Structures are given as C-alpha cells and as structure tokens.
Amino acid sequence: MAGTVLTRCVSRTLLSVSGAKNIRIRGTNRRYWTASRRTATELISGRATFLLGLPTLSCLVYEAYHRVQSSPVVHALEKEEVLEQADYLYSCAETEKLYHLLLRYKDSDDAECLWRLARASRDLALMTNLEARRKKELVYESLDYAKKALEKDEKCFAAHKWYAVCLSDAGEYEGVKVKIGNSYIIREHLERAIQLNPKDATSIHILGYWCFAFAELPWYQRKVAAAIFSSPPTSTYEEALEFFLKAEEVDPNFYSTNLLMLGKTYMAMKDKQNALLWLTKAKEYPAHTLEDKEVHKEAVDLLKKLG
C-alpha cells in the first residue's frame, strides 16, 4: 500500500517499474493529498490529498469567490486574489471549481498560476468517476501546464515538483523504456525543487519514495532495465531512509505515509526496533482521511508480522 505527494504527499510514486503505490503530494496551505494508491512499484504518480484543516476565508477571498461564481464573464482578478482564491479552493478539495477558475488563466505568463493549474488538472484526472479518455487528456494537460510553468520560471520550486509528478503520471500511458528514461528526469526535477526550497517536506518525501521504489526493484526487473539502459536508475534503502528522515526533520509528523515508509524502510533494512517505532507512529496517526485509515491498517498488519 505504500505511497499521494505531489502530494498530494502527492498519490503512485513516480513510474511503475516495480510496484510502488500512488502517493500524493501535499500542496500549498493544505495537508491533504489527492488520489488512490497503487501497487508498491509505481514510483510516484502522485498520492492522495488529506485535509487536516481549512484556512480562514478572508473578505477578499470571499468576494473573489462570488465574483467568479456569479458572473458569466470573469473579471480580471489581481494575481494575489487569484492565487488566494485558488489556494482556498484547494484547501477545501473543491477540485472542479479550482480547475475551472485556473483554466481561465491557462495562457498566463505566471508560473504560480500555471503550476497550480497543472496540479488541479492532475487532481481532476485522479477523480474516480472520470472516464478513461478524459483521464488521459487531463494527465497530458497537466504535464503541459507544468512544462509551461517551468518555461516561465525555472527557479520556481513548485513547477519542478509538479513537472516531476505529472511526468510520472504520463508514464502510465508510455512504454517501459520511456518510463525508465523519464525516471532520470523525474529525479533531477525533484532534486532541483529541493535545492530551491529545502523546507518543502513533500518534495523530499517523494524523492525518498523514488529511492525506495528502485531499492526494492526485483532482480528480474533490474535485468530488464539493464537490457534497455546501460546504467539503469538505482538506489538503496539507506538513501530512501535519508530522505524520509529529512522530510520528518523539516516538517515533523506532516504525513502519515512518511511515517509508514520509515517503518517499511527500516523493515527492509532488518532494523526491527526502529521499524516498530515508526510503524507504531503511523498506526497512531489521527485518521483524518481515507488515506490515513489505509496507512493505519497497513501499519497494524506490519506490526503483527513483526510480532
């Protein structure tokens, strides 16, 4: 069940070469992620969003919200108003309203608008009631917006993070060779996002997930990857652990799945004492969302195995 951030902390962790589950990546001003989990080999397609609290709705946001809702012709809102409104809708999990608000700014030159539109498009694609064709359209749409955000501002950490996540999502529709090749690019953009904003715990978590997925890659899949690339992407549990611990250091107890992944990583490293510690923390994490409940269940099952 491992894995949101982009994510919501992500959903899916980046590519689907072995078996990592969808993670979602946490976004601005909200602590929930979007999407369902997959098998533990998908390196980060993203992960579910979990809502822990809502920001206060200021008079400014309230006014902007009703201007958007009540008028067939959208007034040109100031950038700050648009972003504040977007972040409010995101915090409320109003995915469709958020998407349609930001879609009006798809030709914007502002990276802040574009990466939020990429995130909103991706979140919409992850909705369960969507037909397959529309889902695919939104996946590539989100990638296009993230790419545009990067073109507008290469120093925008969120643009790098969401480009990595959206590129991973697109891998679901590509062949193995493309997915493995994209994994290098995904890591580069995650590292760049962290370099630009070392305090973004979700980017760090996602990179940890990337490492975990490749560390647990079965030998036969490693052979397949080696047959395609002379130097296929590799990692270790030790490297994954470093990122999960760093994410926890940056933002303690920020995401139930990060606690779970710490426990699973220590299990893989045969460190029972630390595995028990972190799995217990994951089990005791307040279950605010369905994802938290899934984390709780997996943590309980793993604790039983550890005895």
Side-chain angles (χ1 to χ4, degrees), residues 1-26 31-33 35-48 50 52 201-202 204-222 234-307:
M1 152 206 159
T4 273
V5 142
L6 190 175
T7 1
R8 224 90 219 12
C9 192
V10 55
S11 72
R12 313 170 162 99
T13 315
L14 290 180
L15 109 118
S16 171
V17 200
S18 84
K21 298 185 177 179
N22 266 34
I23 60 171
R24 291 211 177 205
I25 300 135
R26 197 181 57 165
R31 291 207 175 196
Y32 68 84
W33 311 36
S36 58
R37 297 178 184 256
R38 296 189 185 172
T39 49
T41 37
E42 252 181 84
L43 299 181
I44 292 182
S45 273
R47 189 149 226 344
F50 52 96
L52 302 184
T202 60
I204 301 169
H205 168 83
I206 296 169
L207 186 49
Y209 220 105
W210 188 101
C211 295
F212 184 92
F214 279 106
E216 71 169 1
L217 206 63
W219 67 268
Y220 58 90
Q221 291 182 337
R222 292 181 190 280
T234 60
S235 189
T236 63
Y237 291 119
E238 288 76 14
E239 188 178 23
L241 179 66
E242 180 181 346
F243 288 117
F244 292 140
L245 287 173
K246 181 63 177 178
E248 208 61 33
E249 177 187 333
V250 166
D251 195 355
N253 213 41
F254 77 108
Y255 185 33
S256 59
T257 297
N258 198 65
L259 303 176
L260 178 68
M261 292 309 300
L262 277 162
K264 295 183 74 168
T265 305
Y266 277 118
M267 279 186 69
M269 296 169 64
K270 311 301 182 185
D271 186 338
K272 182 177 179 180
Q273 182 177 354
N274 277 309
L276 287 169
L277 171 66
W278 290 101
L279 289 174
T280 300
K281 288 185 178 184
K283 183 190 73 170
E284 295 174 349
Y285 192 94
H288 295 286
T289 65
L290 176 60
E291 181 181 10
D292 293 333
K293 292 177 182 178
E294 292 173 351
V295 165
H296 173 85
K297 183 180 182 302
E298 184 170 0
V300 169
D301 291 342
L302 292 173
L303 284 167
K304 288 179 182 178
K305 290 182 180 179
L306 286 174

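Side chains are part of it too, since the values below use all heavy atoms of this structure and drop only hydrogens, waters and symmetry mates. None of these values were measured; they are calculated from a predicted model.
Atom CH2 in W278 sits 6.5 Å away from atom CG in L259 (nearest 0.5 Å). The NZ atom of K264 sits 9.5 Å away from atom OG1 of T257, with the distance rounded to the nearest 0.5 Å. Note: L241 CG to F212 CZ = 10.5 Å, rounded to the nearest 0.5 Å. Distance NZ/K283 to CG/L260: 13.5 Å, rounded to 0.5 Å. Rounded to the nearest 0.5 Å, atoms CG (D301) and NE2 (H296) are 9.0 Å apart. Taking SG of C211 as the reference point, atom CD of E242 lies at 8.5 Å (rounded to 0.5 Å).
Using a 4.0 Å cut-off between charged side-chain N and carboxylate O, E294 and K297 make no salt bridge.
E216 is listed as a side-chain neighbour of Y237, based on a closest heavy-atom distance under 4.5 Å. A heavy-atom distance below 4.5 Å is found between the side chains of T202 and F254. Between Y285 and V295 there is no side-chain heavy-atom pair separated by less than 4.5 Å. Annotation: side chain of D292 is in contact with side chain of T289 (closest heavy-atom distance under 4.5 Å).
Residues forming a ring pair (Phe, Tyr, Trp, His ring centres under 6.0 Å) with F244 (at least two apart in sequence, or on another chain): H205.
For the residue pair Y255 / E291, a side-chain donor-acceptor distance below 3.5 Å is found, with atom types taken as modelled. Counting only N and O atoms by type, the side chains of E248 and N258 include a donor and acceptor under 3.5 Å apart.
The aromatic rings of F214 and W210 are tilted relative to each other, their planes meeting at an angle between 30° and 60°.
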Name the atoms and distances for all side-chain donor-acceptor pairs under 3.5 Å in residues 267-276, with sequence neighbours left out.
from	atom 1	to	atom 2	distance (Å)
D271	OD1	N274	N	3.2
D271	OD2	N274	ND2	2.9
K272	NZ	L306	O	3.0

